Amino acid sequence: MPGLFDLTGSTALITGSSRGLGFAFGEALAAHGATIVLNGTSAERLDSAVKSLHAKGYAAEKTLFDVSDQTAVVEAFKTLDAKGLIIDILINNAGIQLRKPLVDLELSEWQRVIDTNLTSAFLVGKEAAKRMIARKQGGKIINIGSLMSECARATVAPYTTAKGGIKMLTRAMTAEWAQHNIQVNAIGPGYMATDMNAALISNPQFDSWVKGRTPSGRWGLPDELAGTAVYLASRASNYVNGQIIYVDGGMLAVL
Ligand code: GCO
């Protein structure tokens, strides 16, 4: 079928996309014709990221807001409406990591991770879905999970809890929004070579563990998530709903 993965004419909002996996998702969808709306909280990083996409001939806009702040989210969508930017594809990618034993964790630290990694997907997803439902043209929502959507690791409890919630929020969104031709799915990246994991990559013991524990024997590269993102953003996945696709080199499949 021609154009099965063609995103021309669609507009994708990607949260937390001025760098890392979020920016990689933006490049992937832009390469398949989508207009990209990058999001972040640093004007400088956002401007640089938009310029980078423009330099490749891609259509890109920016929207500066904190995804965990409901007022900011609501206002941001009103601004996108006013600009005529109709969001057909949402990737809830924004996330932070905080590595600390549970017994030492402050409530404020716990809350910050949960709000940024999980509550944000509810806040942004709700605003996007309200508009998709009203437009009656369907849409795509892709939540970014993790290996921690399935398995825990010591010292990353709030991140693990949030990512487990992302898996179930994906199913909860499906339960309510699939009837409106909105496909809601998730991507579960494995250990990817990103800035967030720099401390792990540079730790010889952890690096060795990842390479030994992953059947592919290596860290993943951000652009290795591109195919799954384009697939879930395109009409190729119009009958796929509530799923989480792990791109993890086989780590979850093998003891
Ligand atoms: C960690 C890492 C992981 C990965 C990724 C795995 O501290 O174990 O940050 O959480 O980043 O989420 O899927």
Side-chain angles (χ1 to χ4, degrees), residues 14-26 28 39-40 45 67-68 91-106 109-122 124 142-171 185-229 231-232 243-255:
I14 304 165
T15 63
S17 51
S18 60
R19 57 182 173 173
L21 298 187
F23 184 74
F25 290 133
N39 158 259
R45 274 207 294 265
V67 293
S68 65
I91 300 185
N92 279 313
N93 166 76
I96 55 175
Q97 181 58 285
L98 188 150
R99 301 181 182 101
K100 199 171 184 182
L102 265 173
V103 291
D104 300 334
L105 208 57
E106 299 297 335
E109 294 172 320
W110 166 273
Q111 204 62 58
R112 184 162 62 86
V113 176
I114 296 292
D115 287 350
T116 307
N117 294 20
L118 177 58
T119 306
S120 63
F122 156 64
V124 180
I142 303 167
N143 298 319
I144 304 306
S146 159
L147 291 168
M148 277 73 198
S149 297
E150 299 292 342
C151 295
R153 176 174 92 76
T155 75
V156 289
Y159 185 98
T160 302
T161 306
K163 292 302 188 180
I166 282 289
K167 181 174 81 169
M168 294 314 294
L169 178 60
T170 298
R171 295 178 185 177
N185 293 287
I187 298 174
Y191 276 99
M192 311 304 284
T194 59
D195 292 347
M196 185 170 79
N197 288 334
L200 305 179
I201 296 166
S202 60
N203 176 317
Q205 289 75 24
F206 201 97
D207 176 53
S208 171
W209 173 76
V210 167
K211 288 171 178 171
R213 181 66 184 75
T214 306
S216 298
R218 64 178 174 84
W219 292 77
L221 302 174
D223 64 8
E224 290 182 302
L225 297 167
T228 305
Y231 165 65
L232 290 176
Q243 301 304 308
I244 182 165
I245 300 176
Y246 289 99
V247 184
D248 67 351
M251 184 180 266
L252 283 176
V254 175
L255 286 178

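None of the values given here were measured: they were computed from a predicted structure. All ligand and atom numbering here is 1-based and tracks the order in the structure. For the single chain, residues carry numbers from 1 onward in sequence order.
Of the charged side-chain nitrogens involved, at least one lies within less than 4.0 Å of a carboxylate oxygen, so that Glu150 and Lys167 count as a salt-bridged pair.
The shortest contact between atom 3 (C) of ligand 1 and any protein heavy atom is with Tyr191 CE2, 3.5 Å. For atom 5 (C) of ligand 1, the nearest protein heavy atom (residue, atom name, distance) is Ser146 OG, 3.7 Å.
For Leu200, every heavy-atom contact with ligand 1 shorter than 4.0 Å involves the side chain, none the backbone. Heavy atoms of Asn197 found under 4.0 angstrom from ligand 1 belong exclusively to the side chain. Residue contacts with ligand 1 for Arg99 involve side-chain atoms from C-beta outward but no N, CA, C or O (heavy atoms, distance under 4.0 Å). Contacts of Val156 with ligand 1, taken as heavy-atom pairs under 4.0 Å, involve the side chain alone. Of all the heavy atoms of Met192, none lies under 4.0 Å from any atom of ligand 1, so neither backbone nor side chain is involved.
Using modelled atom types, one side-chain atom of Ser17 and one backbone atom of Asn39 make a donor-acceptor pair closer than 3.5 Å.
Taking CD1 of Ile166 as the start and CD1 of Ile144 as the end, the distance is 8.5 Å to the nearest 0.5 Å. Atom-to-atom distance recorded for Asp248:CG and Met192:CE is 9.5 Å, nearest 0.5 angstrom.
Of the listed residues (Asp207, Asn197, Thr194), just one forms a side-chain hydrogen bond (donor to acceptor under 3.5 Å, both in side chains) with Trp219, and that residue is Asp207.
Across all their heavy atoms, Leu232 and Ala186 have their closest contact at CD1-O, 4.0 Å. Of all non-hydrogen atoms in Gly95 and Asn117, the two that sit nearest each other are CA-OD1, 3.1 Å. Residues Arg218 and Thr214 approach most closely at O-CG2, 3.8 Å, considering heavy atoms.
Polar contact with ligand 1: present for Leu147 (N/O pair, distance under 3.5 Å).
The ligand atoms of ligand 1 that sit less than 4.0 angstrom from a heavy atom of Met196 are 11 (O). Residue contact check: Pro189 has heavy atoms under 4.0 Å from atoms 6 (C), 13 (O) of ligand 1. Of all atoms in ligand 1, numbered sequentially from 1 with element shown, those under 4.0 Å from a heavy atom of Arg153 are 1 (C), 7 (O), 8 (O).
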